[in-house]
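Working notes, structure below.
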Amino acid sequence: MTAAATAVDERLAPTSLVRRLLGRPELGAVVGAVAVFVFFSIAAPTFLQASSLSTILYSASTIGIMAVPVALLMIGGEFDLSAGVMVTTSALVSSMFSYQMTANVWVGVGVSLLVTLAIGFFNGFMLTRTKLPSFIITLGTFLMLTGLNLGFTKLISGTVSTKSIADMEGFPSARALFASKWEIGSVTLQITVLWWLALVAVATWILLRTRAGNWIFAVGGGADAARAVGVPVVKTRIGLYMGVALCAWISGQHILFSFDVVQSGEGVGNEFLYIIAAVIGGCLMTGGYGSAIGSAVGAFIFGMTSNGIVYAQWNPDWFKFFLGAMLLLATLLNAWVRKRAEASK
């Protein structure tokens, strides 16, 4: 028997635990999350209190709900700079349609879903038809939505905020779905945490257990090569943008039914927080690499940092400095982890 015949196919060879861990895109984020947790546990004694954990989880979930689809979009090699204002748009449409039509708020919620998905479809369709970079397409959408949010709100309401819809039919049930909370001992659990965890689970299943997940990685790795092997590149990209729109709708409804009214200027700049959470979680800016779990860890790091600075009684003006430093360190660490993973193969 020849040596070639007895050689074991490397694809079938057992893989060590260390090698498997090095191959995980969220490894760097987990290490960073542990470091941030230990640091603020020492720097801020109130950081470990149950009430503090409630606040951290809520902050993380509001970013994490959007970081999940943004991470999938980045794995597919694209960006969406309109994600932040799209959240506000979805809330404004729900509120103003319900108020002006004096309809059940669920009618406004349904109309908002259709409008928000249409915006996501528009982004994906324009990207695939014009071949322009996603940066340009979504920057244009960002500017248009920013103007529409302010213009329509002032035209219809006469101010920069919507009218109260708290006394309308369907508001209590909508609030229960999008903005309820539970007291578990001394911990307050917001429903956004459940939405966040559910979205992470669904996105992870899509990426690792479905053909659509393979298509996302393939498109991010190289659209031309993916198209050559039969991957529906156009449908995949449009689907990813509509996924961002769906989560923007969820976030928008949470804002509306938490605070009853919506400020038309909200959401500007939040798109960068979603991208930062995804990058800290292991997504590469070049596409083709990352995970939904990593985006959740990145959002949790954001929640710990934003609140840890307050608990430590530091000047909050330094927050963006720490956020920028984390972004750079996470990007360098992710690149190092990926090189080690490739070298160990």
Side-chain angles (χ1 to χ4, degrees), residues 29 33 49-72 80 83-95 105-106 108-109 112-113 116-117 120 165-166 170-205 243-263 266-267 269-278 280-281 292-308 310:
Q49 293 180 358
S51 58
S52 300
L53 177 62
S54 303
T55 305
I56 291 169
L57 284 175
Y58 177 64
S59 297
S61 66
T62 55
I63 298 298
I65 287 174
M66 288 301 297
V68 171
V70 167
L72 266 62
D80 190 347
V85 292
M86 198 188 307
V87 171
T88 305
T89 300
S90 72
L92 289 172
V93 171
S94 288
S95 179
V105 297
W106 282 105
V109 169
S112 174
L113 175 60
T116 311
L117 289 177
I165 60 171
F171 188 90
S173 58
R175 169 170 277 183
L177 180 61
F178 294 109
S180 58
K181 62 179 88 172
W182 301 275
E183 299 291 338
I184 304 176
S186 57
V187 176
T188 301
L189 182 65
Q190 300 272 357
I191 197 171
T192 50
V193 176
L194 301 183
W195 277 107
W196 176 35
L197 296 177
L199 288 169
V200 171
V202 171
T204 301
W205 175 74
V244 174
L246 175 63
C247 292
W249 172 75
I250 295 172
S251 295
Q253 305 317 297
H254 169 69
I255 291 173
L256 172 61
F257 293 107
S258 290
F259 305 105
D260 181 26
V261 297
V262 184
Q263 297 292 327
E266 291 181 357
N270 286 351
E271 59 278 353
F272 295 111
L273 300 181
Y274 310 147
I275 293 172
I276 288 171
I280 291 175
I293 295 175
S295 73
V297 179
F300 187 59
I301 291 176
F302 173 87
M304 287 192 293
T305 304
S306 60
N307 290 281
V310 176

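This is a predicted model, so every value here is computed, not measured. Residues take their numbers from the sequence shown, with the count starting at 1.
Put simply, CD1 on Ile276 and CZ on Phe302 are 8.0 Å apart, with the number rounded to the nearest 0.5 Å. Here the CD1 atom belonging to Ile255 is positioned 13.5 Å from the CG atom belonging to Asp260, to the nearest 0.5 angstrom. Summarising the geometry, atom OG1 belonging to Thr89 is positioned 11.5 Å from atom CD belonging to Glu266; distances are rounded to the nearest 0.5 Å. To the nearest 0.5 angstrom, Ile56 atom CD1 is 9.5 Å from Thr305 atom OG1. Rounding to the nearest 0.5 Å gives a distance of 11.0 Å between OG1 of Thr88 and CG of Leu256. Put simply, OG on Ser251 and CG on Leu246 are 9.5 Å apart, with the number rounded to the nearest 0.5 Å.
For the side-chain contact (heavy atoms from CB on, under 4.5 Å) with Val200, the qualifying choice from Val68, Ile65, Val297 is Val68, the only one to do so.
Between Met66 and Ile250, the closest side-chain pair of non-hydrogen atoms is not below 4.5 Å. Side chains of Trp182 and Ile191 form a contact here, defined as non-hydrogen atoms less than 4.5 Å apart. Side-chain contact between Leu189 and Tyr58: absent, with no pair of heavy atoms (C-beta onward) separated by less than 4.5 Å. Put simply, the side chain of Thr116 reaches to within 4.5 Å of the side chain of Met86, judged on heavy atoms. Within the 4.5 Å cutoff, no side-chain heavy atoms of Leu113 are placed close to those of Val109. At a threshold of 4.5 Å between non-hydrogen side-chain atoms, the residues Val87 and Asn270 do not count as touching. Considering only heavy atoms from C-beta on, Trp195 comes within 4.5 Å of Leu177 through its side chain.
Scanning all heavy atoms of the two residues, the minimum distance from Ser295 to Ala292 falls at OG-O, 2.6 Å. Residue Gly294 comes nearest to Ala29 through the heavy atom pair O-CB, 4.5 Å, listed as atom of the first residue, atom of the second, then distance. Between Ile63 and Tyr274 the shortest heavy-atom distance is O-CD2, 3.9 Å. Of all the heavy atoms in Ala278 and Val70, the pair that sits closest is CB-CG1, 4.5 Å. Here the closest heavy-atom approach between residue Trp106 and residue Ser173 is recorded as NE1-OG, 2.7 Å. The heavy-atom pair separating Ala67 from Ala277 by the smallest distance is CB-CB, 3.9 Å.
A donor-acceptor contact closer than 3.5 angstrom is absent between the side chains of Thr188 and Ser54. For the residue pair Ser59 and Asn307, a side-chain donor N or O sits within less than 3.5 Å of a side-chain acceptor on the partner.
For the pair Ser95 (side chain) and Ala91 (backbone), a donor-acceptor distance under 3.5 Å is absent. For Ser90 (side chain) and Ala248 (main-chain N/O), a donor-acceptor pair under 3.5 Å exists by modelled atom type.
For Trp249, the ring-ring contact (aromatic ring centres under 6.0 Å, His included) criterion is met by Phe178, not counting sequence neighbours. In this structure Ser112 satisfies the side chain to side chain donor-acceptor pair (under 3.5 Å) test together with Ser94, Gln253, sequence neighbours excluded.
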